[in-house]
Amino acid sequence: MKAITQERSRIRKTATRHRDGAALAAPSRGAPGSRARRTLRSTQWAAWAFIAPVVAYLVLFYAYPLYRNIDLSIRSYTVASFISGDAPFAGFANYSAIISNPTFAPALINTAIFVFASIALQFAIGLALAVFFHRNFRLAGILRALFLVPWLLPLLVSASTWSWMLNSDSGIVNAFLGALGIGPVDWLTSPTWSLAATTIANVWIGIPFNLVIMYSGLQSISGDVLEAASIDGAGGWQRFWRITFPLLRPVSAITLLLGFVYTLKVFDIIWIMTRGGPATSSTTLAIWSYQLSFGSLLPDFSSAAAVGNVLIIIAVLFALIYIRARHRLEGT
Amino acid sequence: MKRRSAWLTAIGVLFTVVMLFPVYWMINVSLTQTSNMRKSPPNLVPVDGTLAGYSVVLHQQLPYLGASLLIGIGTVLVTLVLAAPAGYSLAKLRPRGGGAVTFLLLIAQMIPAIVMAMGFYAIYIKLGLLDSAWGLIMADSTIAVPFGVLIFSAFMSRIPDELLQAARIDGAGTLRTFGSVVLPLSRNAIITVSLFSFLWAWSDFLFANTLDNGGSLEPITLGIYAYIGNNNQQWNAIMATAVVASIPAAVLLVLAQRYVAAGVTAGAVKD
Amino acid sequence: MTVHASRKARAVGAALLAIGTVTAALAGCSSGGSASSSASGGGGTYTFWDPYPQYTASSAWANLVASCGTKAGVTIKRTGYDTTALTTQALLAAQQGKSPDILLIDNPVVSTLAKAGALTTTAQNGLSTGSIAANILDAGVINGSTYGVPIGANTLALYYNPKILAAAHVSPSSITSWATLTAALAKVKAIGKKGITFAGINTEEGSFQFLPWFWGAGANLTNLDSPQATAALTLWTNWIKDGYAPNSVIQDTQTTAWQEFQVGNVAFAENGTWQKASAAQMGAQLIQIPGENGGVAPVPTGGEFFTIPVQRDTARYATSAKIVSCLSATSNIVTTDNTLNYIAPTQAGQQAQLAADPTLSSWIAAVHVAKARTGDNLATKYPVISQQMWTAVQKAESGAATPAAALATAQAAATAGLSS
């Protein structure tokens, strides 16, 4: 055990040293001040040269759609004014309208359930599989590659396949349940089950992403630590919980955050499987936004944009929480 | 040890079979006759099957497949060219305001796809990029670039500074250091980002439908719509298209995975 | 990098190069993935959008479009979109001032686009509508102006499987009202078969399928919560509750409802004209949808409309109108409607179709009594009402609310939506 803690602190010290390497390296070289300053200035210039394309890309490709969405939400657009371009300024009227809309509360709750259940299951299963595949057995590489196949499929196909499988009368899942003696479940047509059904499909689609990232994270952990631990007598489960999992924390954190951001936006799967129905039982904020705009014969773009922006705001809030938590973690 | 490995392989195969059951189901539907589509209970294997879906697909969909591959590879290139230098800069060069850029990249990923598509439509129509492969490639890259920068900066921050200092002592500038020291060590990251951006571009439908419907190079996700008429849908053809579309991508996947597995410690931190 | 690794790198590089060459070859060896026709015509290019992505560049429809273009002296660039995406595309294009010259669009959307100011009227574009049946043209008439010309009409009827009805001792001619229909469904269930499939999904298709029962009870779209409307919704809800209709109808599109019928274990299917070829293949026949207390229920018209969107260069309208007239000329439209399995919108066209295929008589009769969804001066009120109606239908079907409660909420929401 002592060896493990010693090893762990050694790794942490090394990691810290590497992280601060760039900042520490220059002064510790003992070069005269002006030379260090010049090196620092040219490094800054190079730093910006390397990142400038992405910054320009951000402005061009993301800022403009975001600006248009905000504009749509603070004006009152009808179909006619959407085309002609001039619409009266509405301030926050659209936002207060959607918040007081009876669909808002169910949409918010469904979004919360859908997102948290999806991420929890995707992450847990992805991590478990990554740990499993990390032990090199025969065919591990090929099986791991095959696990990514769900990702290749266009969402139209995966969502349709799941709809097929979960059909109340002709679906294979109900046929299987029937063979076990369980009565048919109305996966897609019952208000109780529709959200669960779409969550299951979403988890299935999200496992490959989590598997790949966590697997890469596992690979970058040096084997020496785990060897030392097993020599010291730590069992497999202990090794995982006391060493591997804590070392995976930064990778896990970013996987969960990205999973959160991506799942918040999920639209195709739910739309193709249930279109947010029956009633509002599987309507999330993303679905509602689409329903208001392109899912209706008479689009209401302003309200749809407002809902979309609410979605972005929720995501930003969680990102801020993540960053606060990260800073606090790194501070200790 | 060998017996234990065989046991693990067996469990691994079981997991894979369970995970891929929906894919098997997709193949099953692609071989099912239209009149049997809604049989209850459904056939586990395509008894009384038909190859009608596949013959239609192989006659019509090959150009779409080629276009999809082209767009996928294009997206990978654009993503790598943009994300790798940016990742390096954030990880090692520490530009002022780097934290803000990272935060903005995170925000960028939060914008719903339909919002992006509507915005792009307006830009593209003004720039005449509608219905062009390059327009679609740039749109698809927006899905992958922020994520790519994240992966690259995470991987590259783990490269020991001693190596970079050594290169600088040898007289290499930042660009040279990047090209001859950093990139080779970031092979893992390059493969990962390429994989993600290819897969995201391959399965994209929304951007293709809004921005490239009617161009001369349409991806396979639009090709599927040839079987979705306004009143009738030909499901065995739709699923057959998906099966055929998955094969080249699956092959690429197996190649990439093997490459990642071999020589993986070449770039890892060793004390 | 080790020697082993660099050899691997070269191998992967070579593989990528090979793949790149193959994909370039594949992509290049086609005439393009889109359904774009390249006909010879000297006077410029006209864009044509339709919701038939299943008709590729080599299909009869594409060739017909191209030939009408040539006759008008221009080249036509045709794009087939998925029908739900077409409305989006039309709106986005109109916003950017790049509308297509001719837009073939589903009839309930015409009023939306007209209200948006994206379409021209027949007064502006010179299309003639004289010989078109009034009830079919109605969906394109908003506030007295006509915004489009129908390509054909389709509507709904009740298909049945003769074998199952015979086994259940039900005579098709005995089905004249809701009561007799429900009794027949009970008899079918008694012999172990399913009674009826329809599309109860929360989309316009669901509204479309519900309307014959809604109108058949005497309800009006301006009053979603009338007792007649409640009676119609109760009919459907009870069918599902009593097991006469399978649970999957709650999410069924018209296609998937038809697929269930095709398996051969369902007695009735409420479906449309476009299934007539498939019906003939399986030996199904049809009767009109009965009204609540006898008679034939009014059925809604479906089918797309040719429209000419607003362009900056108004001189283009004349040529666009020529192309549309060519496509809707009797001989052309009969061929088109036979391909689409629609009924022609003109008397002359219908007679030509009847002459070629006498089994169409019941469909032509159905189309004669059909009404437009946006008719009764509803125009753009229809989409708002329809959305609430399909929501209420699905709520009641799935048991989330009683029919009366669901319709009351729907009416309140529709009124609120229409007044804002």
Side-chain angles (χ1 to χ4, degrees), chain A residues 68 72 76-85 93-94 97 101-103 106 156 160 163-164 166-171 174 184-194 197 271-283 287 290-303, chain C residues 84-85 87-88 90-97 99 106 108-109 111-118 194 200-204 206-207 240 246-252 256 259-260 263 310 374 380-384 386-387 390-401 406 409 413 417 420:
Chain A
R68 290 200 82 216
L72 275 174
S76 295
Y77 276 90
T78 62
V79 197
S81 47
F82 181 73
I83 292 182
S84 62
N94 288 313
N101 189 302
T103 316
L156 168 69
S160 302
S163 296
W164 230 270
L166 292 175
N167 189 283
S168 308
D169 305 295
S170 56
N174 274 349
V185 177
D186 295 331
W187 294 104
L188 301 173
T189 53
S190 140
T192 334
W193 290 104
S194 56
W271 188 255
I272 293 169
M273 288 176 77
T274 62
R275 292 182 76 104
T280 53
S281 54
S282 57
T283 304
I287 294 282
Y290 191 82
Q291 262 174 3
L292 288 168
S293 56
F294 296 119
S296 150
L297 283 178
L298 195 63
D300 180 359
F301 291 110
S302 294
S303 303
Chain C
T84 43
T87 316
T88 313
L91 284 171
L92 286 178
Q95 187 192 46
Q96 300 299 321
S99 294
D106 199 18
V109 183
S111 65
T112 305
L113 290 177
K115 183 174 188 195
K194 294 192 216 148
I201 191 177
N202 50 345
T203 65
E204 180 59 25
S207 285
I240 299 177
N247 182 277
S248 44
V249 296
I250 301 178
Q251 276 289 326
D252 270 345
T256 47
Q259 283 169 348
E260 286 173 18
V263 176
V310 171
T374 48
T380 47
K381 295 201 193 120
Y382 175 73
V384 180
S386 171
Q387 183 160 3
W390 79 56
T391 309
V393 169
Q394 226 201 24
K395 249 195 240 176
E397 283 174 325
S398 63
T409 318
S420 62

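Letters A, B, ... mirror the listed sequences (proteins, then strands); counts begin at 1.
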Is [X] in contact with chain C via its backbone, its side chain, both, or neither, using a 4.5 Å heavy-atom distance?
X: A:W187; result: neither
X: A:S194; result: neither
X: A:F301; result: side chain

(message) Could you check whether atom CH2 of A:W193 has more than 12 heavy atoms from other residues, nucleotides or ligands sitting under 6.0 Å from it?
(response) no
Between atom [atom1] of [X] and atom [atom2] of [Y], what is the distance when rounded to the nearest 0.5 Å?
X: A:L298; Y: C:K115; atom1: CG; atom2: NZ; result: 5.5 Å
X: C:I250; Y: A:T274; atom1: CD1; atom2: OG1; result: 12.5 Å
X: C:S99; Y: A:I83; atom1: OG; atom2: CD1; result: 7.0 Å
X: C:L92; Y: A:F294; atom1: CG; atom2: CZ; result: 5.0 Å
X: A:N167; Y: C:D252; atom1: CG; atom2: CG; result: 7.0 Å

(message) At a heavy-atom distance under 4.5 Å, which candidate from A:L188, A:D300, A:T280, A:V79 has the highest pair count against chain C?
(response)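 Counting heavy-atom pairs under 4.5 Å, the top option is A:V79.
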Heavy-atom pairs under 4.5 Å with chain A are the metric here; pick the option from [options] that has the most.
options: C:Q387, C:Q95, C:E397; value: C:Q95
options: C:Q394, C:K194, C:E204, C:Q96; value: C:Q394
options: C:T203, C:T380, C:T87; value: C:T203

(message) Taking side chain as everything from C-beta outward and backbone as N, CA, C, O, which of these in C:Q251 sits under 4.5 Å from a heavy atom of chain A? Side chain, backbone, both or neither.
(response) both
(request) Only counting residues at least two apart or in another chain, list the ones meeting side-chain contact (heavy atoms from CB on, under 4.5 Å) with A:T192. (result)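 Testing A:T192 for side-chain contact (heavy atoms from CB on, under 4.5 Å), a comparison that skips the adjacent residues, returns A:S190.
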(message) How close do C:S398 and A:T189 get, counting heavy atoms only, and between which atoms?
(response)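 That would be CB-O, 3.3 Å.
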(request) Say whether, by atom type as modelled, one donor and one acceptor occur between the side chain of C:N247 and the main chain of A:S168 under 3.5 angstrom. (result) no
(request) Could you check if a side-chain atom of C:L91 sits within less than 4.5 angstrom of a side-chain atom of A:P299, using non-hydrogen atoms only? (result) yes
